[in-house]
> 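Dumping the structure here so I can ask a few things about it.
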Amino acid sequence: MAAGRGRRLLRRRPLRTRIGALVTALCALALAATALAWLATANGVVIVATELAGLCMVAVVSSLAVRRALRPLEHAADTADTIASGDLTRRITAADTAPTTEVGRLAHALNGMLDQIQGAMAAREASEERMRRFVADASHELRTPLQALRGYTELYQHGALPDRASVDDAIDRMHGEVRRMGKLVEALLMLARLDEEGEAPLEPVDLSRIVTDSVRDAAAVEPARSYTLRVQDSVIVLGDEAQLRSLLANLLSNVRMHTPPAAPCTVELRTGDSKVTLAVQDSGPGIPVHAVGHVFDRFYRADEGRSRTHGGTGLGLAITAAIVEHHHAHIDLDSRLDHGTRISVAFPEPEPEADHGSAT
């Protein structure tokens, strides 16, 4: 057992130390053999032969030891060739088998670098896939109103609109498609700005005032809907006022588009547990189970036909999620069929010194 521990201890030493110790031991053995030859006989041939045998032993054993010690480096070179051919999942095993040697440290550094490269490549591929999907979805969404505009234009050019009423109806429909394209382009521009802004500075904002104003605006648009407002006074968060107003507008617009006009809506704003929680609860039909995990995806519609009829772009909740992420907040959705939907946004509560700042 002591010999085994000694071998394991020697294997943990750097390569130069191990080879140096081995060569020193071999040279000592060769010198001891030569000394014994001097003591045992005065024959010069025997002494010279003993010295040559000792030198040959040192050379052969040292060569074998060096080759054995460098075998992980050969494996590392083979692995590097495989990685260079495109297989980024391969790793150099010497980092685990001999972590304290020069080869082991090199393998550990290379494996760490490969992990970073593989992660960056995966993130790049995911980003490119999202971009391709985003461009394809945007092209599809723009194609529909453009085809409608082209169709009405061709009808007019071919004289297929026989009277003024037909022309006026076609113009109204064209205006509707233009407004829809305008909404879509504005939503795309907002998403692009949110994606590019990164860590933009946030300022103290009176969220209570924004919530109250937004609910009043929504009530003016839909007087028949009952809105219940439960808002604490002077709730301050760190944020961008324009983006927060857009967040509230998207949440309330989502209620307006996907629930009956008479379905009541409750908006709450409260503080507690070191966070500020904003919640919008409707009493609509709820979201299907299969759609709950996708409602924040771009261009996703749980009910394709109904959303198009009401002029939705499929980007409202995606913009909401991007705004929430920009504010270092967390968004949660709870929906049950025939029991309505509740969307909660938890903002981090600002530091005490931020509360005393001027709210925009």
> Side-chain contact test, heavy atoms from C-beta onward, threshold under 4.5 Å: evaluate it for Leu247 versus His327 and give yes or no.
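Of all side-chain heavy-atom pairs linking His327 with Leu247, none is under 4.5 Å.
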> Looking only at heavy atoms, which two atoms of Ala329 and Pro348 are closest? And how far apart?
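Between these two residues, the closest heavy atoms are CA-CD, 4.2 Å.
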> In Å, rounded to the nearest 0.5 Å, how long is the span from CD1 of Ile117 to CZ of Arg124?
12.5 Å
> Taking atom types as modelled, is there a side-chain donor on Ser214 or Asp217 under 3.5 Å from an acceptor on the other?
no
> Answer whether the closest heavy-atom distance between the side chains of Glu349 and Asp273 falls below 4.5 Å.
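No - every pair of side-chain heavy atoms lies 4.5 Å or more apart.
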> If you look at every heavy atom in Asp240 and Leu202, which pair is closest and at what distance?
N-CD2, 4.1 Å
> Do Ile236 and Asp206 touch side chain to side chain, with heavy atoms closer than 4.5 Å?
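Answer yes - side chains close enough.
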> Quick one, Val211 with Leu229, criterion side chain to side chain contact (heavy atoms under 4.5 Å, CB included). Give me CA distance, side-chain angles, the key distance, then yes/no.
CA-CA 9 Å; Val211 172; Leu229 188 61; 3.9 Å; yes
> Working to the nearest 0.5 Å, report the span between CG of Asp332 and CD1 of Ile343.
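Between atom CG of Asp332 and atom CD1 of Ile343 there are 9.5 Å.
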> Atom CG in Leu251, atom OG1 in Thr341: separation rounded to 0.5 Å?
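Rounded to the nearest 0.5 Å, the CG-OG1 separation comes to 11.5 Å.
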> Counting N and O atoms only, with roles assigned by atom type, does the side chain of Arg225 sit under 3.5 Å from a partner on the main chain of Ala263, one being a donor and the other an acceptor?
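Flag set: sc Arg225 to bb Ala263 pair under 3.5 Å.
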> Please check this pair: side chain of Thr212 against backbone of Ser208, looking for a donor-acceptor N/O pair closer than 3.5 Å.
yes
> Using modelled atom types and a 3.5 Å cut-off, is there a donor and acceptor pairing between side-chain atoms of His339 and backbone atoms of Leu337?
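Pair found, side chain donor or acceptor close to backbone of Leu337.
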> Side-chain contact test, heavy atoms from C-beta onward, threshold under 4.5 Å: evaluate it for Val345 versus Val276 and give yes or no.
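They are not in side-chain contact.
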> With no hydrogens and no angle check, is any side-chain donor or acceptor of Asn250 less than 3.5 Å from a backbone partner on Ser246?
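Present.
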> In terms of heavy-atom contacts, does CD of Glu325 have more than 12 from other residues, nucleotides or ligands at under 6.0 Å?
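For Glu325, atom CD is not crowded (no more than 12 foreign heavy atoms under 6.0 Å).
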> Apply side chain to side chain contact (heavy atoms under 4.5 Å, CB included) to Val324 and Phe296, showing your working.
CA-CA 11 Å; Val324 168; Phe296 297 110; over 6 Å; no
> Hydrophobic cluster membership, with links at side-chain heavy-atom distances under 4.5 Å among I/L/V/M/F/W/Y: are Leu146 and Ile171 in one?
yes
> Please evaluate residues Val292 and Asp334 with respect to the criterion side chain to side chain contact (heavy atoms under 4.5 Å, CB included), reporting the C-alpha separation (whole Å), side-chain torsions for both, the decisive distance (0.1 Å), and the verdict.
CA-CA 8 Å; Val292 170; Asp334 181 20; over 6 Å; no
> How long is the gap from CG on Leu248 to CD1 on Ile210, to the nearest 0.5 Å?
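Reported to 0.5 Å precision, the distance equals 7.5 Å.
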> Flag the pair Val237 / Leu278 as yes when at least one side-chain heavy-atom distance between them is below 4.5 Å, and no otherwise.
no
> Are any of the side-chain nitrogens in Arg245 or Glu241 under 4.0 Å away from the carboxylate oxygens of its partner?
yes
> For a 4.5 angstrom cut-off between non-hydrogen side-chain atoms, does Cys265 reach Val280?
yes
> Salt bridge or not between Arg342 and Glu268? Use side-chain N to carboxylate O under 4.0 Å.
yes
> Got Arg150 and Gln147 here, is their nearest side-chain heavy-atom distance under 4.5 Å?
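Yes - at least one pair of side-chain heavy atoms lies under 4.5 Å apart.
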> Work out which heavy atom in Pro285 is nearest to a heavy atom in His258; give both atom names and the distance.
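Closest approach of Pro285 to His258: CD-O, 3.6 Å.
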> Got a second to check how far Asp172's CG is from Tyr152's OH, nearest 0.5 Å?
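Output value for this atom pair is 10.0 Å.
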> Do you know which two heavy atoms are closest between Pro162 and Ser166, and how far apart they sit?
CD-OG, 3.8 Å
> Find the distance between OH (Tyr156) and CE (Met174) and round it off to the nearest 0.5 Å.
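Here the interatomic distance stands at 10.5 Å.
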